[in-house]
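See structure below.
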There are 2 protein chains.
Amino acid sequence: MATGRTHRPATRSRGIPEATVARLPLYLRALTALSERSVPTVSSEELAAAAGVNSAKLRKDFSYLGSYGTRGVGYDVEYLVYQISRELGLTQDWPVVIVGIGNLGAALANYGGFASRGFRVAALIDADPAMAGKPVAGISVQHTDELERIIDDNGVSIGVIATPAGAAQQVCDRLVAAGITSILNFAPTVLSVPEGVDVRKVDLSIELQILAFHEQRKAGEGEAAEDRLPPPPATKSDRKGPDGDLPAVMPA
Amino acid sequence: MATGRTHRPATRSRGIPEATVARLPLYLRALTALSERSVPTVSSEELAAAAGVNSAKLRKDFSYLGSYGTRGVGYDVEYLVYQISRELGLTQDWPVVIVGIGNLGAALANYGGFASRGFRVAALIDADPAMAGKPVAGISVQHTDELERIIDDNGVSIGVIATPAGAAQQVCDRLVAAGITSILNFAPTVLSVPEGVDVRKVDLSIELQILAFHEQRKAGEGEAAEDRLPPPPATKSDRKGPDGDLPAVMPA
DNA sequence: ATGTCTTTGTGAACGCGTGCACAAAGATTG
DNA sequence: CAATCTTTGTGCACGCGTTCACAAAGACAT
C-alpha cells in the first residue's frame, strides 16, 4: 500500500546510480550494433554519439561498472557488451507473463525487442473467456484463472500489465500475491504495491501530453499571454461540459 | 531524451520545470477521476496520494502554475482541471499522425487515452501498399507517399513513429521536413533531429531491462558475488581478425 | 470578533545528476 | 627508452529536483 510513501527507498545498490542503469540499455543497443558490424573497439566519444549522450557522462557511467576501457584506445566492444548484459541481468532467462491481450498486449507479445534480450514470454493471460485458446504471436492465450498456476509453474518474477485501467490494480494484486516482484504497467493507473515490488510505468498518453505542452509553448512563443483565466477559483456550480474526462473505457 | 545534442538547455522558459510538466498529466488524471465523482475540492494530501507522489512536491508543482488553492480547504477540482489542461495545451485540438501501422501502431490507433485528451488521430500511415485502404480503428490507412500532403492539409505538428527501427530515421526526416515539430518515437533508435524539434522516446524493451536489473539485484541479495568475469579486459594486441565470434545476442 | 484549526505556499537544506577540465595511463612512434 | 599523442577515469563545481518544516492565510466555531 502506501502509494506515495516509501516509493523507492533507495537503489542504494551500493553501486550504480539509477540514472546510469536507465542508460545501460541504450549503450547496450549501440554496442550491439557495432558488434554486428564487427567493430573491435570504440572510443567514449563515438559510442556516446551513437547512444545520443554526452561522452563524459558515458565514461562516468562505465566507471561505475569498473574500468573496462583502455586509455588511448577505447573500449572493447565485445567485452563491454558482455559486461553490460551481465550487469543488467540479461545473461539469464527471464520468463515474463503479459496480462491483458488487447491491442496493446498483442503488440507487446509480438514485439521482438523482448525475446531478443533474454526475455521470454512465458504466457499470455486474458480475462475474456473468448480469448482463451486463441493464438497470439504463436502463443495460446490462457484464462486469468490460470494466472497463479502459470506464475508458479514457470517461476515468473516479471509481469506486464496491459489491461484496462479498471482491472489493473486487481490484476496487480494477484500477480504480487502469486510471487511477481517486478511489474511493467501500461495501464493508466497508479498501482499500489507492497514494499519490495518494483513497478515501472509506461503511459502513452502522458508522453503526448508532455509533447503538447512544449508544442504549445513553441507556437505561442512571440504572442504574449492571451489565455487569461476566465473563472476565478470558482466556488461551485461550475459544471462545464465534457472536458478531458472519459469513462474507464480503455482500449485494452 | 532527444538526440543528446542541442537538448533543451532548460524549459526554464521563465516557468514550469520539466519535472513538473511531466507530472501534470498525472495530476490531471487523478483530478479527472475526482471530477467524475463530483468531488468539489481536494487537499494536496489526498490528491498527492491519488497521483502517487509526495504532497509537498505536488504543492510546489502547483505553485509554478499559480496560487489556485485555498488554505484550510484545498483545491477546487474543476478549476484545477481546467488550469492544468490549459497549461498542457489540451484545450486545443492536436491532430496527430501515426506512422507504421503494425501491431504497435494499431494498438496506438485504438488507444482511447489519446482521443480522450484533445489528441485526434488525423491519419494512419504505412509503407506497405497492401495496408493502404485497410481500416484500422475506424480510419483508413494511407500510404507513405501521402505523408507530406496529409501533414500539410491537416496542419499536423505531432507525429508518432511506430515503424521498425530501420525505417525510423528516414520517416523522422520526412516528418520533420513536412513540418512536424514534435515526435513520439516508439522505434528503438536514437533519432537525429534539427534544433527546435522535440523528441520523446518510449522504449518497451528498455523498461524491461531496467526491471531485470533490479530483479537480479533482489535475487542475489544474500548470495555473495557468484558471477565472475570470465574474459579479462582483453589486453592489447588483441587484434583478432575475422574470428567474428559474435555472441549473437539479438537483432535489434 | 476573536480564537482555533486546517491546509497552502515557500524558504532553505540536501542530495543526485551533469558536465567540465585535467591528470594519469597506455599506445605508438622515432 | 624517451617523447608524444590519444583517450580514459575522476575530482570538482554547478544546477535541478526533492523534501522538510513552518509561517501565513483563510475557514470555521464560539
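All values below were derived from every heavy atom in this structure, side-chain atoms included, with hydrogens, water molecules and symmetry-related copies excluded. Below, chain A is the first sequence line, B the second, and so on; all start at residue 1.
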Show me the donor-acceptor pairs, under 3.5 Å and distance only, between side chains in residues 46-53 of chain B and residues at least two apart or in other chains.
from	atom 1	to	atom 2	distance (Å)
Glu46(B)	OE1	Ser43(B)	N	3.0
Glu46(B)	OE1	Ser43(B)	OG	3.3

Practice item. Write out the stems for DNA chain D, ordered by first number and formatted as range with range, counting runs of at least 3 consecutive Watson-Crick or G-U wobble pairs under 3.5 Å. Key: C:1-30 with D:1-30
Kindly give the atom pairs (protein nitrogen or oxygen, nucleotide nitrogen or oxygen) under 3.5 Å for nucleotides 6-9 of chain C.
from	atom 1	to	atom 2	distance (Å)
dT7(C)	O4'	Gly72(B)	N	3.0
dT8(C)	OP1	Ser44(B)	N	2.5
dT8(C)	OP2	Ser44(B)	OG	2.6
dT8(C)	O2	Arg71(B)	NH1	2.9
dG9(C)	OP1	Gly69(B)	N	3.0
dG9(C)	OP2	Tyr75(B)	OH	2.6
dG9(C)	O4'	Arg71(B)	NH2	2.9
dG9(C)	N7	Arg59(B)	NE	2.9
dG9(C)	O6	Arg59(B)	NH2	3.2

**Study point:** Partners passing side-chain hydrogen bond (donor to acceptor under 3.5 Å, both in side chains) against Glu87(A) (at least two apart in sequence or in another chain)
**Key:** none
Practice item. Determine, step by step, whether Tyr79(B) and Tyr68(B) satisfy the ring pair (Phe, Tyr, Trp, His ring centres under 6.0 Å) criterion, reporting the C-alpha distance in whole Å, the side-chain angles of both residues, the deciding distance to 0.1 Å, and the verdict. Key: CA-CA 8 Å; Tyr79(B) 187 61; Tyr68(B) 297 147; 5.3 Å; yes
Practice item. Would you indicate whether Gln92(A), at its atom CD, is surrounded by more than 12 heavy atoms from other residues, nucleotides or ligands within a distance under 6.0 Å? Key: yes
Practice item. Using only heavy-atom distances, determine whether the side chains of Ser182(A) and Asp198(A) contain a donor-acceptor pair under 3.5 Å. Key: no
Check your understanding: CG of Leu58(B) versus C1' of dT19(D): gap in Å, rounded?
Key -> 14 Å
Review point. Which atom pair, heavy atoms only, marks the closest approach of Phe186(B) to Ala162(B)?
Key: CB-CA, 4.3 Å
Interface polar pairs with nucleotides 14-18 of chain C, N/O, under 3.5 angstrom:
from	atom 1	to	atom 2	distance (Å)
dT18(C)	OP1	Arg23(A)	NH1	3.0
dT18(C)	OP2	Arg23(A)	NH1	3.2
dT18(C)	OP2	Arg23(A)	NH2	2.8

Check your understanding: Which residues pass the side-chain hydrogen bond (donor to acceptor under 3.5 Å, both in side chains) test with Ser55(B), sequence neighbours left out?
Key -> Glu45(B)
Study note, to complete from the structure: All heavy atoms of Cys172(A) vs all of Ile183(A), minimum pair found to be SG-CD1, 3.7 Å
Point to revise | Test item: Ser35(B) side-chain N/O and Leu31(B) main-chain N/O as donor-acceptor pair under 3.5 Å | key: no
Check your understanding: Using 30° and 60° as the class limits, which term best fits the ring planes of Tyr111(A) and Phe114(A): parallel, tilted or perpendicular?
Key -> perpendicular
